Colleague: 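Encoded as structure tokens, here's the structure I'll be asking about.
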Number of protein chains: 2
Amino acid sequence: MKVLSKPSEYGLRALMFLVTKGEGKGYVNIREMAEELDISFHFLTKILQSLTQAGFLVSSRGPNGGISFARNPQQISLLDVLYVLEGQDFLSKCLLGLPGCGDFAPCPMHNSWAVMRVQLRNLFEHTNLSEVGQSVQLERLRLSP
Amino acid sequence: MKVLSKPSEYGLRALMFLVTKGEGKGYVNIREMAEELDISFHFLTKILQSLTQAGFLVSSRGPNGGISFARNPQQISLLDVLYVLEGQDFLSKCLLGLPGCGDFAPCPMHNSWAVMRVQLRNLFEHTNLSEVGQSVQLERLRLSP
DNA sequence: CAGTATTAAGAGTATTTTATCTTAAATTAA
DNA sequence: TTAATTTAAGATAAAATACTCTTAATACTG
């Protein structure tokens with residue numbers, strides 16, 4: 001079961017990293033983040049660019065540049081982030097991939113799946129970046145030891 | 001959010017089809033199934049082969065051959081099927097894709113994600129092929145009208 | 001037994017996703 | 001000004017997933 005795409009996984013990990021590592025500091029260097037998280041610099045850059053364009057982050061060029069939260073990470077839910085990285089139809093697709101499926105033409109799984117989707121939505125909506133970022137030990141976000 | 005792979009989607013749709021279409025009949029022709037469900041015959045064949053090998057279906061060659069349930073579809077849960085089509089680690093992966101994540105080295109999402117996984121598991125475990133197959137109108141399983 | 005419909009297996013192709021690399025422009029600090 | 005750093009766009013490559021095609025073996029029907 002692949003809930004999140006790689007860009008989403010990487011994006012969330014980077015944002016959690018930014019919560020703890022970015023405290024006090026001004027901007028956090030992207031190259032450094034990429035190394036600490038074992039993510040390709042260029043790949044991570046693209047992901048973070050989309051989060052900057054979406055208004056979650058602010059960036060600064062030049063020496064001591066990098067990224068930083070545009071608003072309090074407490075006010076950014078995982079759902080906000082995933083809508084950007086996964087697309088707006090994240091959480092609204094038919095389990096069986098049937099195009100016409102919906103409340104008025106439900107597939108056999110539609111109703112019970114709708115219940116799950118609400119729960120998933122609640123989880124992502126009520127989890128903010130600050131809480132997940134604070135609770136994590138940074139080495140946990142790495143891919144290799 | 002891609003919960004199921006295409007082979008799983010197709011496999012489940014085919015099994016639901018088999019529940020309604022296969023009642024009374026002996027074997028159901030795979031070529032006919034493929035046409036009714038808008039799935040490539042060869043692709044569907046492979047998926048059904050793995051379900052036959054897993055013991056859910058029996059097949060017969062020659063004229064009037066095809067597939068049929070090896071046991072009552074009431075006794076086959078979606079989870080049984082998905083374990084075969086998605087692999088045994090279906091439902092046990094870290095949301096953030098972190099390799100070491102587990103109860104003893106949890107990632108920031110591990111605990112809340114574990115709760116969701118249990119719910120997903122319950123849904124799939126307590127839904128059997130018979131009930132979803134019976135409740136469906138066949139045209140709902142098609143991709144195009 | 002002969003013909004044929006079907007399963008079965010695997011090679012091969014296409015598409016999508018993920019990842020890398022290159023180049024250049026813009027911005028900032030010292 | 002110079003060096004460091006991000007932004008941006010796009011070419012390319014690698015890997016995973018999805019799909020198709022070919023061939024062979026099997027087993028049923030008449």
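Each chain gets a letter, A, B and so on, in the order the sequences are listed, and its residues count up from 1. Hydrogens, waters and symmetry mates play no part in the numbers below; they use all other heavy atoms, side chains included. Keep in mind it's a predicted model, so treat the numbers as computed, not measured.
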Colleague: Determine: side-chain N/O of B/Gln49 to OP1/OP2 of C/dA9, distance under 4.0 Å, yes or no.
Modeller: yes
Colleague: Does a side-chain N or O of B/Ser40 approach OP1 or OP2 of D/dT20 to a distance below 4.0 Å, or not?
Modeller: yes
Colleague: Which whole-number value in Å describes the distance from A/Leu44 CG to D/dA8 P?
Modeller: 15 Å
Colleague: In whole Å, I'd like the distance from the CD1 atom of A/Ile47 to the P atom of D/dT6.
Modeller: 15 Å
Colleague: What is the nucleic acid contact for A/Ile30, judged by heavy atoms within less than 4.0 Å: base, sugar-phosphate only, or nothing?
Modeller: sugar-phosphate
Colleague: With nearest nucleotides of DNA chain D determined for B/Lys6 and A/Gly66 from heavy-atom distances, which residue corresponds to the more 5′ nucleotide?
Modeller: A/Gly66
Colleague: Can a side-chain donor-acceptor contact be found between A/Glu131 and A/Asn128 if the only test is distance below 3.5 angstrom?
Modeller: yes
Colleague: Measure from the side chain of B/Phe41, starting at C-beta and using heavy atoms only, and say which of D/dA8, C/dT7, C/dA11 lies closest.
Modeller: C/dT7
Colleague: I want to verify a distance call: between D/dA25, C/dG10, C/dA26, whose nearest atom is closest to the A/Arg61 side chain?
Modeller: C/dA26
Colleague: Think B/Tyr27 has a side-chain N or O under 4.0 angstrom from the OP1 or OP2 of D/dC28?
Modeller: no
Colleague: Between P on D/dT7 and CG on A/Leu51, what's the gap in Å once rounded to a whole number?
Modeller: 11 Å
Colleague: Using only heavy-atom distances, decide whether a donor-acceptor pair under 3.5 angstrom links the side-chain of A/Lys2 to the base of D/dT17.
Modeller: no
Colleague: With no hydrogens and no angle check, just 3.5 Å: does a side-chain donor-acceptor pair link A/Asp89 and A/Ser92?
Modeller: no
Colleague: Mind checking whether B/Phe56 and B/Phe69 have ring centres under 6.0 Å apart?
Modeller: no
Colleague: Given atom CG of B/Leu4 and atom P of D/dT17, what is their separation to the nearest angstrom?
Modeller: 14 Å
Colleague: Can you tell me if B/Ser8 and B/Glu86 form a side-chain donor-acceptor pair at under 3.5 Å?
Modeller: yes
Colleague: Is the distance from OP1 or OP2 of C/dT6 to the nearest side-chain N or O of B/Asn29 less than 4.0 Å?
Modeller: yes
Colleague: Using whole Å, what does the distance between atom P of nucleotide C/dT6 and atom NZ of B/Lys46 come to?
Modeller: 20 Å
Colleague: Can you check the B/Asp38 CG to D/dT20 C1' distance for me, whole Å?
Modeller: 16 Å
Colleague: When you measure from the side-chain N and O atoms of A/Ser59 to the phosphate of D/dT7, is any distance below 4.0 Å, counting only OP1 and OP2?
Modeller: yes
Colleague: Using atom types as modelled and distance alone, determine if a side-chain donor or acceptor of A/Ser50 lies under 3.5 Å from a backbone N or O of A/Ile47.
Modeller: yes
Colleague: Let me know the distance between CD1 of A/Ile39 and C1' of C/dA19, rounded to the nearest Å.
Modeller: 12 Å
Colleague: Once the angle between the rings of A/Tyr83 and A/Phe90 is folded into 0 to 90°, is it parallel (under 30°), tilted (30 to 60°) or perpendicular (over 60°)?
Modeller: perpendicular
Colleague: Starting at the 5' end of DNA chain C, which residue's closest nucleotide do you reach first, A/Ser60 or B/Ser60?
Modeller: B/Ser60
Colleague: Which residue, A/Thr52 or B/Phe43, contacts DNA chain D at a nucleotide closer to its 5' end, judged by nearest heavy atom?
Modeller: A/Thr52
Colleague: Just to confirm, is there a sub-4.0 Å distance from OP1 or OP2 of C/dA8 to any side-chain nitrogen or oxygen of B/Thr45?
Modeller: no
Colleague: For a quick test of reading the model: is some side-chain N or O of B/Gln53 closer than 4.0 Å to OP1 or OP2 of C/dA9?
Modeller: yes
Colleague: In whole angstroms, how far is the P atom of C/dT23 from the NE2 atom of A/His42?
Modeller: 11 Å
